[in-house]
Amino acid sequence: MTIVDTSDISVQLFVTVMCCVLIIAPMISLGVLRLFQGKKKAGFTLIGGGVVSYFVFQLVAGLFH
């Protein structure tokens, strides 16, 4: 068993990651749900929004790294 040292993570990076996790994952899962419901436009819009949010997160996370 290994212990992960999280003391190097800044508060700003932690808050940014948590906000993006709370945005990206639900958007993609809701998009998949909408696709199963037959609402293709809403499904692809939500999945696309999740992908765009992921790229925005990568840009913001690059500022902290």
Problem - Option among Val52, Val21, Ile23, Ile24 that satisfies the side chain to side chain contact (heavy atoms under 4.5 Å, CB included) test with Phe57 - result: Ile24

Handout entry: In one Ile/Leu/Val/Met/Phe/Trp/Tyr side-chain cluster, 4.5 Å: Val56, Phe14
Key = yes

Handout entry: Residues which pass side chain to side chain donor-acceptor pair (under 3.5 Å) with Gln58, listed by chain and number, not counting sequence neighbours
Key = Tyr54

Exercise for the section: Examine Leu46 and Val51 and state if one hydrophobic cluster contains both, with Ile, Leu, Val, Met, Phe, Trp and Tyr joined whenever side-chain heavy atoms are less than 4.5 Å apart. Expected result: no

Exercise for the section: State which residues pass side-chain contact (heavy atoms from CB on, under 4.5 Å) with Ala25; sequence neighbours excluded, sorted by chain then number. Expected result: none

Problem - From CG (Leu22) to OG (Ser53), nearest 0.5 Å - result: 12.0 Å

Practice task
Please tell me if the side chains of Leu35 and Ile47 come closer than 4.5 Å, counting only heavy atoms from C-beta onward.
Solution key: yes

Exercise for the section: Examine Phe55 and Val60 and state if one hydrophobic cluster contains both, with Ile, Leu, Val, Met, Phe, Trp and Tyr joined whenever side-chain heavy atoms are less than 4.5 Å apart. Expected result: yes

Practice task
Provide the full list of side chain to side chain donor-acceptor pair (under 3.5 Å) pairs with a residue in residues 19-38, sequence neighbours left out, each pair given once.
Solution key: none

Exercise for the section: Taking all non-hydrogen atoms of both residues into account, name the closest pair between Ile28 and Gly50 and its distance. Expected result: CG1-CA, 4.2 Å

